[in-house]
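Heads up: the structure comes next, in structure tokens.
Computation of the quantities below employed the complete heavy-atom set of this structure, encompassing side-chain atoms and omitting hydrogens, waters and symmetry-equivalent molecules. Numbers restart at 1 for each chain; the letters A, B, ... are given by sequence-line order, proteins then strands.
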Amino acid sequence: MTRVGKDFYMRDSLTVARELPGKILVRASSEGICSGRIVETEAYMGFKDKAAHSCRGKTPRTEVLFKAGGLAYVYLIYGMYFCLNFSTNSPDKPECVLIRALEPLEGMELMKKRRGTDIVENLCSGPGKLCGALGIGRECNGEDLCGERLFLLDDGFVPDIAASRRVNVDYAGDAAEYEWRFYVRANRFVSCRNIK
DNA sequence: GCCGGGATCGTCT
DNA sequence: GACGATCCCGGCA
């Protein structure tokens, strides 16, 4: 079991998104420790990707993406839910990877309490859900992914990974067709299991 | 089990 | 002023 270091994030988001499934995300807060194995990701490739927040340049919201990779990019969606992304690559390439689903491991009781359900499949099977389960909000934006509150472990497990179109980016023209979503095949903790 | 609609507000135009 | 990188609930089967 090793900690994932900064170098891992200093590559393009497609490469990172493909290698993330199987890694273990650990979240430590005042309420306790939670962890889960990443089972679903999406790559957002910066300027060359019309679905990416950063494709039209730097704004107050996307500022974190214009720094070296290895930071959390957290934003509010639909006015009610948060999404967790890992920034990747160099400051001139504002790319990131959306974390879409986890297979819950540690801290099951705390995650159930935060989510208000005992159904394990519903704890982290979606971007908004996993932020709820892990207690991730706007205060995590810019958080170092190699710190003590949020980090990644590698236990050597390599799952069987499939690719598909990304979820809910129909507005993005050609970019909507790119198969930049990566998920663990036949895993019951993946969101949108009808999309192949 | 599947489907449709509503919630809710920060962000950018 | 419009619109989401979503989720939940209710209705119907």
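If you check every strand for non-hydrogen atoms under 4.0 Å, L98(A) touches a base. Residue-level contact check: C96(A) touches the bases, meaning some heavy atom is under 4.0 Å from a base atom.
Side-chain contact between K6(A) and L71(A) is present, with at least one heavy-atom pair separated by less than 4.5 Å.
When the P atom of dG6(B) is taken as reference, atom OH of Y81(A) falls 15 Å away, rounded to whole Å. A straight line from CE of M80(A) to P of dA5(C) spans 15 Å, rounded to a whole angstrom. Rounded to an integer number of Å, the gap from I136(A) CD1 to dC7(C) P is 13 Å. What separates CG of D170(A) from C1' of dT6(C) is a distance of 14 Å, to the nearest Å. Atom CD1 in I77(A) sits roughly 18 Å away from atom P in dA7(B) (whole-Å rounding). Going from atom CD of E139(A) over to atom P of dG10(B) covers 15 Å, rounded to whole Å. Separating the CG atom of L84(A) from the P atom of dC7(C) is a distance of 13 Å, rounded to the nearest angstrom. Atom CD of E63(A) and atom P of dC12(B) are 11 Å apart (whole Å).
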### Message
Would L14(A) and W180(A) count as a side chain to side chain contact (heavy atoms under 4.5 Å, CB included) here? Give the steps.
### Response
CA-CA 7 Å; L14(A) 262 176; W180(A) 287 353; 3.3 Å; yes
### Working for salt bridge (charged side-chain N to carboxylate O under 4.0 Å, His left out), residues R100(A) and E42(A)
CA-CA 7 Å; R100(A) 286 195 56 89; E42(A) 282 179 0; 3.8 Å; yes
### Message
Does R18(A) form a salt bridge (charged side-chain N to carboxylate O under 4.0 Å, His left out) with E179(A)? I'd like the steps, not just the answer.
### Response
CA-CA 11 Å; R18(A) 269 192 278 256; E179(A) 299 205 327; over 6 Å; no
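With centres under 5.5 Å and a plane angle under 30°, the ring of Y44(A) is stacked against the base of dA5(C).
Using a 4.0 Å cut-off, some side-chain N or O of H53(A) falls inside it from OP1 or OP2 of dA5(C). Of the side-chain N and O atoms in R181(A), none sit less than 4.0 angstrom from OP1 or OP2 of dA5(C). Within the structure, every side-chain polar atom (N or O) of N168(A) is placed at least 4.0 Å from both OP1 and OP2 of dA5(C). For dC12(B), one of the phosphate oxygens OP1 or OP2 lies less than 4.0 angstrom from a side-chain nitrogen or oxygen of R61(A). Here Y171(A) reaches the OP1 or OP2 of dA5(C): one of its side-chain N or O atoms lies under 4.0 Å away.
Closest to the side chain of R115(A), from the set dC8(C), dA5(C), dC12(B), is dC8(C). Among the nucleotides dC12(B), dC7(C), dA5(C), the one closest to any side-chain atom of P60(A) is dC12(B). For R138(A), the listed nucleotide lying nearest its side chain is dG10(B); candidates were dC7(C), dG10(B), dG4(C).
Judged by the 6.0 Å distance and 45° axis criteria, R166(A) is positioned over the aromatic ring of Y44(A). F8(A) carries R11(A) over the face of its six-membered ring, with the cationic atom under 6.0 Å from the centre and within 45° of the normal.
Across the strands present, dT8(B) finds no partner; the criterion is a Watson-Crick or G-U wobble pair with both atom distances under 3.5 angstrom. Pair check for dC12(C) finds dG1(B); Watson-Crick or G-U wobble, both atom distances under 3.5 Å.
Mapping L76(A) and R56(A) onto DNA chain B by nearest heavy atom places L76(A) at the nucleotide closer to the 5' end. Of the residues near DNA chain C, N122(A) and S54(A), the one whose nearest nucleotide (by heavy atom distance) lies more toward the 5' end is S54(A).
Between the side chain of Y75(A) and the base of dA5(C), at least one donor-acceptor pair of N or O atoms lies under 3.5 Å.
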